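As a basis for the values below, the full set of heavy atoms in this structure was taken, side chains included, without hydrogen atoms, waters or symmetry mates. Just so you know, these numbers come straight off a predicted model, no measurement behind them.
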Amino acid sequence: MLNFYKTATLVFSSLLVISGLVAFVCIDRTFLHVRMLPGAKSALPWLMAAGADKDVGGHSLIKVNDTTFGLDFDIHMIEGAQHPYANFAMVFGSEKGGETFVDLSRYQSLSFSVKCSPDNVLALLVFTVDDAVTQLDDDLTYRSPMTFFSCQQQWSEVTIDLTRLETPSWWLEMFGFELSNQAYNLRQVSKITIGNSAQTPYGVDAKIQLEELTLNGREWRYMYVLGGLMTMVWCGFVFWLFRAHGRALVADIKTKLQKDRPLIAYQQLSVEPKRDRDKSSILRYMATEYPNAELNLELVVSELGVSRSKINDILREELGYTFSAYLNKLRLTEAARLLAEKEEANVAEIAYSVGYKNVSYFNKLFKEEYGCTPKTFKSASLSR
């Protein structure tokens, strides 16, 4: 059994290490974090685009200072245009491949650090394709769900829930949608813009800085794969453990039985004659009478006419056992043979057949001798 325990420990430790590595990979792939800065090195590369109403006859301005490790731009809002605006856009694509659409459906939020001077309220819009109305060359036809966030003159953390944005009512009315039609999908996103809101201060230079811009998401299929794989691997390990334990147990008991073969009380086995008549009589008598539940030292003394002390001395010198220990050895050895060979017999029947009146006591002695219960030994022997 020692070899079995060593092998089981080695297999368990190896599986534990492998499971840990697989779990680490799956968990890492489940919890998505895509840094958007700098844009050229992002997993979702993007191009800078900035615009203000000055481009369409207004007076508002925007100036981009930096887009390498953070977004740093200034806006100056001036009234006059019908819809004053100034915004910075991250347009998905690359200089080589041009603009493209990206699938953001795996991402639930966008987080960043932001600082504004003076205090400001800004709008964030996500331009998505609406199959019913979107024309690829017309920004107005993109469904652009949005939200607002505030920023102060100290750095603060902001998290935008990308699944709970609201489509502007003017856009819904323009294309004949009901105001309750807020459904949108993030499978085709052309750009994300950050710009002024109705509460952005006018007539002043407003500085806006953003850092650590990160898309966060969950890809639950990796957890499903992990759960399925772990269930399969560990159920397989448990199945192997029981089978291997059964085989090792049977092999160990066979070794013990082989070692005890001189003591086996098979009914057909005759005890070899001894020089000493008393020794031969005692061993032969016990080898044939052990199934008798009433057998005890007093009965042997009465039947053979040998003193108690002599019986114990002979057994101790010849076999190294006391009378009770040798009697239990005979009975348990025969019980182990019957358990392995007699599929139709139950544990209680076998216990009675080898001389035990009390099945619980038999179970206790058998487990002490062989390291498992008779029922476990029988199952292991018959399944091998």
Side-chain angles (χ1 to χ4, degrees), residues 1 242 245-272 274 276-384:
M1 292 295 289
F242 278 106
H245 179 266
R247 289 193 295 268
L249 187 62
V250 171
D252 188 59
I253 292 175
K254 280 185 176 180
T255 302
K256 288 185 178 180
L257 290 175
Q258 191 67 30
K259 186 187 298 182
D260 295 336
R261 187 154 298 278
L263 309 176
I264 294 178
Y266 292 168
Q267 296 291 350
Q268 69 270 23
L269 184 65
S270 61
V271 178
E272 295 183 3
K274 302 287 195 266
D276 187 287
R277 185 177 61 84
D278 288 340
K279 290 181 183 179
S280 180
S281 297
I282 292 168
L283 295 177
R284 183 179 293 108
Y285 183 81
M286 293 188 69
T288 56
E289 294 298 321
Y290 72 89
N292 180 3
E294 304 300 329
L295 182 62
N296 56 34
L297 186 56
E298 297 303 327
L299 182 59
V300 177
V301 170
S302 174
E303 290 290 328
L304 300 181
V306 182
S307 68
R308 293 168 55 94
S309 59
K310 190 168 186 179
I311 292 173
N312 276 318
D313 288 344
I314 288 173
L315 293 176
R316 192 175 288 110
E317 291 172 6
E318 186 73 18
L319 304 169
Y321 293 98
T322 64
F323 174 83
S324 297
Y326 180 56
L327 179 59
N328 280 324
K329 191 73 173 181
L330 291 172
R331 288 172 170 173
L332 294 173
T333 302
E334 178 66 1
R337 183 184 72 82
L338 295 173
L339 286 166
E341 297 178 0
K342 304 293 183 182
E343 182 176 356
E344 69 282 359
N346 61 41
V347 172
E349 291 171 339
I350 290 173
Y352 298 142
S353 73
V354 297
Y356 288 103
K357 294 180 180 179
N358 188 311
V359 178
S360 297
Y361 181 60
F362 167 68
N363 287 336
K364 175 177 177 294
L365 292 178
F366 192 94
K367 187 171 183 180
E368 289 175 355
E369 179 69 18
Y370 295 111
C372 66
T373 64
K375 184 176 181 181
T376 301
F377 173 68
K378 184 177 178 65
S379 299
S381 299
L382 296 176
S383 64
R384 70 183 188 279

Separation of K279 NZ from R284 CZ (nearest 0.5 Å):
14.0 Å
Find out whether V300 and L295 are in side-chain contact, i.e. whether some heavy atom of one side chain is under 4.5 Å from a heavy atom of the other.
yes
Can you check side-chain contact (heavy atoms from CB on, under 4.5 Å) on F366 and V347, steps first, answer last?
CA-CA 11 Å; F366 192 94; V347 172; over 6 Å; no
Can you see which heavy atom on S307 is nearest to which on V301, and at what distance?
C-CG2, 4.1 Å
Please assess F323 against I282 for the test side-chain contact (heavy atoms from CB on, under 4.5 Å), listing each intermediate value before the final yes or no.
CA-CA 10 Å; F323 174 83; I282 292 168; over 6 Å; no
Check the pair N363, Y356 against side chain to side chain donor-acceptor pair (under 3.5 Å), reporting the backbone distance first and the verdict last.
CA-CA 10 Å; N363 287 336; Y356 288 103; over 6 Å; no
Rounded to the nearest 0.5 Å, the NZ atom of K329 sits from the CE atom of M286 at a distance of 13.5 Å
Measuring from E369:CD to L365:CG, what's the distance to the nearest 0.5 Å?
9.0 Å
Might you point out which heavy atoms bring V354 and R331 nearest each other, and give the distance in Å?
O-CG, 2.9 Å
I need the minimum non-hydrogen distance between I311 and L297, along with the two atoms involved.
CG2-CD1, 3.7 Å
Looking at CZ of F362 and CG of N328, how far apart are the two atoms once the value is rounded to the nearest 0.5 Å?
10.5 Å
Shortest non-hydrogen separation from L283 to L315 and the atoms involved
CD2-CD2, 3.9 Å
Shortest non-hydrogen contact between K357 and E294, atoms and distance:
NZ-OE2, 2.7 Å
What's the separation between atom CG in L330 and atom OH in Y321, rounded to the nearest 0.5 Å?
9.5 Å
Output the distance between atom CG (L327) and atom CD (E289), rounded to the nearest 0.5 Å.
11.0 Å
Charged N to carboxylate O under 4.0 angstrom, K310 versus E317?
no
Considering all heavy atoms of both residues, which atom of P291 and which atom of S353 are nearest to each other, and what is their separation?
CB-O, 3.4 Å
